[in-house]
Amino acid sequence: MSETTSERDGREVYDPHAVQARWLPVWDRLDLNRAGIRDGAEKKYVLDMFPYPSGDLHMGHAEAFGIGDVVARYWMRRGYDVLHPMGWDSFGLPAENAAIKRGEHPATWTYANIDVQADSFRRYGISFDWSTRLHTSDPGYYRWTQWLFLRFMERGLAYRKKSAVNWCPNDQTVLANEQVVGGKCERCGAEVTKRELTQWYFRITEYADRLLDDMKDLEGSWPERVLLMQKNWIGRSTGAHVDFAVGDRKVTVFTTRPDTLYGATFFVVAADAPLAEELCAPEQRAAFEKYRDEVRKLSDIDRQATDRPKTGVSLGVVAINPLNGEELPVFAADYVLADYGTGAIMAVPAHDQRDLDFARAFDLPVRVVVETGGEDPAVTGVATAGDGVLVNSGPLDGLRKTEAIERTVEILQERGTGEGAINYRLRDWLLSRQRFWGAPIPVVHCPVDGEVAVPDDQLPVRLPSDMKGADLQPKGQSPLASNDAWVNTACPKCGGPAKRDTDTMDTFVDSSWYFLRYCSPSYDKGPFDEDAVRQWMPVAQYVGGVEHAILHLLYSRFFTKVLHDMGMVDFTEPFSALLNQGQVINQGKAMSKSLGNGVDLGSQLASYGVDAIRISIVFAGPPEDDIDWADVSPSGSVKWLARVARVAADVGALPAADARDDAVDRAVARAVDDVTRLTESHRLNVSIARLMELTNALRKGIDGGAPASASLRDGVTALATMLSCYAPYTAEEIWSRLGHDVEGGDSVHASRWPTADPALLVEDTVTCVVQVSGKVRDRLEVSPSIGEDSLRELALGSDAVVRALNGAAVRTVIVRAPKLVNVVPV
RNA sequence: GGGGCCGUAGCCCAAUGGCAGAGGCGCACGGUUUAGGUCCGUGACAGUGUGAGUUCGACUCUCACCGGCCCCA
């Protein structure tokens with residue numbers, strides 16, 4: 001009796017755990033997933049978004065990496081030299097919080113979790129090239145993160161400025177715009193407030209146009225919704241800058257509707273913008289400050305809620321409309337945001353809903369300047385934003401919207417009071433964090449020389465190893481600030497006493513270039529070996545969750561473009577194709593502790609085995625769709641894999657012979673042809689269905705009369721190789737049952753993808769459907785090569801058709817040889 | 001409010017504009033069996049959310065509505 005089966009009632013039973021125990025050590029020894037060892041083979045880089053080391057793997061990892069593994073293994077089987085690397089995004093807040101709780105250094109928790117995950121990935125049978133393993137928290141990695149920061153600084157792409165920033169009161173750190181979701185901290189869910197702070201930024205806005213325009217290269221190979229989300233995030237809008245005079249000051253606003261300038265009846269400044277304070281008349285100061293303090297308590301989400309009544313306060317000054325010299329009262333209000341555009345707007349209540357709401361609340365005039373055919377906004381309370389003909393607008397009267405916009409810009413330019421302009425929703429990337437567990441910003445602040453970059457040969461600026469537990473407690477500034485020994489240093493320029501920058505970088509900086517490091521993970525002359533990168537990059541297939549649609553993917557694209565401009569890489573987009581897998585949910589909802597609907601991966605694997613879980617995930621539906629675990633039946637997968645094992649065992653036991661069976665050969669060829677196409681196009685659920693069909697066909701071949709062993713052996717061989725991408729253990733098991741010496745290196749994971757004989761894909765006869773008026777009336781068995789004319793004759797001669805026509809004359813006959821004829825009576 | 005995606009048997013899902021069903025779960029039945037379990041096999045169940053339109057022909061394309069999800073406000 002084989003060690004992988006047990007006898008029960010005289011029948012073999014498939015034991016997934018025994019199969020795993022048998023092959024895992026053999027694979028460890030054979031080390032089959034190394035990249036760069038197939039001479040002359042075309043290269044393909046398959047990348048999974050690297051994980052954060054939070055505890056052990058969960059269902060989400062099982063899905064994402066399971067899908068990525070199918071893709072990687074498929075290309076390996078197809079003979080490509082595949083790079084399928086692995087590492088950890090190991091800086092970040094949870095490690096720090098755990099360290100505070102446990103009185104440890106964050107590295108302790110981090111690296112312990114990484115080891116647990118690494119072993120789980122290994123047992124989960126993912127085809128990683130483990131020699132690529134990297135951790136962004138290793139000094140050997142963050143040295144180069146710091147190095148890249150300094151290059152950005154040299155190019156003016158990293159800079160420091162003071163402004164109102166997003167502040168998470170819970171995590172005690174600033175956040176990038178991208179990390180504020182619906183007014184809340186993306187990580188902890190706390191309501192984000194604003195703080196005035198001096199922080200480091202990456203000048204991503206300088207790349208806004210290229211990030212937008214280069215998306216055309218990604219169309220078709222990235223999910224459309226991701227491209228759309230990035231497009232919306234960058235938010236390019238064209239319009240004009242218009243200069244208003246307020247007292248002796250010039251205040252510029254951005255508007256997408258310069259054509260409505262004559263409709264401006266008041267002027268609004270964001271209450272929390274420094275500009276509001278500067279413009280405020282002395283007699284209004286008390287009222288303004290009271291209002292501003294109220295506004296500062298509000299979150300952005302409250303401020304932008306559309307159903308909220310509009311509030312504001314007069315600043316006691318007027319702004320002069322540059323076009324008609326009209327005096328517009330200036331208000332401070334909270335519905336204008338300080339960091340969008342210039343923080344000030346011209347308000348055109350007739351044609352902008354928010355302005356109209358404000359005008360009605362404050363009893364301000366509403367002047368229609370575009371006749372859209374809609375009802376009077378002053379009466380209906382509904383602003384008319386559409387196209388129309390300009391009225392009440394002096395020289396613009398009679399023009400349509402587009403012409404009026406052009407003309408207004410011309411007039412403004414002639415007078416020197418404005419110009420055409422493009423505005424972006426995208427803000428510069430705020431990268432400083434007041435936290436410990438991240439790459440220190442490699443800058444020294446010197447009383448003499450100011451901001452001084454740490455010289456390359458002094459990198460990395462290492463994190464101190466002696467800080468733990470309470471030392472890391474958030475205090476509103478980086479924990480590093482309290483470590484005098486670390487902070488105090490010599491200025492690299494003058495040698496005098498100086499202090500290190502105590503902030504660390506956003507962990508998204510670490511993950512914006514890791515895919516490059518994978519090409520040469522231990523390279524020590526730069527962040528990556530440019531030759532290695534030239535060989536592997538760009539990534540042929542990237543696999544990961546849609547939650548990174550904006551953050552990580554936009555940042556990585558930005559980094560790649562900067563590196564391209566630095567001459568370090570010869571491409572401008574890092575990821576040629578992107579696959580967003582769905583989420584694993586349970587009972588219609590995301591798994592969560594509070595709902596108590598979590599599904600533990602470990603216990604699923606213990607109950608059903610690795611392969612059954614992998615199959616269940618892939619078979620549940622299209623990879624992009626969410627999987628509701630309540631709809632999944634892992635025991636069904638076990639049943640199928642056991643059936644596969646039995647089929648293979650039965651075929652392996654057949655006496656060697658040359659007998660062939662045409663039906664089996666055709667079924668195998670069809671399966672190979674379909675599964676190849678389906679796997680390649682990521683239709684993985686349908687691939688599994690075809691493999692199940694093939695299993696059924698092989699079963700039939702075994703049970704029906706005299707089994708044709710040659711055909712069946714070929715079928716099981718093809719099945720094993722195709723299955724190796726999906727269920728690596730079971731595939732190896734049946735491969736071995738066919739007599740392959742796996743221990744000696746003849747593993748299914750070194751086998752080549754089967755090819756289908758085209759002759760076997762052509763059927764002898766096909767069923768031709770004959771319709772009358774679109775209704776099926778007859779079926780004809782015809783040759784696949786039948787001509788249109790003879791098929792028409794055949795169909796018209798059919799008794800069933802004659803009966804259906806019932807003497808009616810024929811108007812047309814649609815012939816789609818060889819599968820369909822549609823007879824249309826008059 | 002704007003933009004996008006999705007509604008197919010009891011359930012999950014298939015179907016280059018051409019026979020609504022590939023595969024699985026569940027169910028029923030038959031065979032195997034000491035067994036209602038395993039295994040082998042057979043079968044039933046929907047006319048594609050609703051209503052129009054285009055077409056010889058619509059699950060597929062267009063429009064509206066209903067329901068669900070996502071992004072931006």
Under 4.0 Å from OP1 or OP2 of [N]: is there any side-chain N or O of [X] that close?
X	N	value
R683(A)	A15(B)	yes
R354(A)	A73(B)	no
R646(A)	C40(B)	yes
N685(A)	G23(B)	no
N696(A)	G24(B)	yes

Of R690(A) and E224(A), whose nearest nucleotide on RNA chain B comes first from the 5' end?
E224(A)
Pairwise 5' ranking along RNA chain B for F619(A) and V776(A), keeping only the more 5' one
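Looking at RNA chain B, the more 5' nearest nucleotide goes with V776(A).
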[X] has a side chain; which of [options] sits nearest to it?
X	options	answer
M692(A)	C72(B), A14(B), G24(B)	G24(B)
D703(A)	G4(B), C40(B), A22(B)	C40(B)
Q771(A)	C72(B), G18(B), C40(B)	G18(B)
V686(A)	A22(B), C56(B), G41(B)	A22(B)

How about F619(A) and M692(A): do any of their side-chain heavy atoms sit closer than 4.5 Å?
yes
R690(A) and side chain to side chain donor-acceptor pair (under 3.5 Å): which single residue from D674(A), T695(A), D673(A) fits?
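So the option named by the test is D674(A).
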Parallel under 30°, tilted from 30 to 60°, perpendicular over 60°: which one fits the rings of Y335(A) and F358(A)?
tilted
Is [X] touching bases, backbone alone, or none of the nucleic acid, heavy atoms closer than 4.0 Å?
X	value
K639(A)	sugar-phosphate
V824(A)	sugar-phosphate
R816(A)	base
T812(A)	nothing

d(CD1, I615(A); C1', C12(B)) in whole Å
16 Å
Using whole Å, report how far CD of E693(A) lies from P of A15(B).
13 Å
Please determine whether any donor N or O and acceptor N or O are separated by less than 3.5 Å between the side chain of D631(A) and the base of C12(B).
no
Counterpart base for U32(B), defined by Watson-Crick or G-U wobble contacts under 3.5 Å:
none
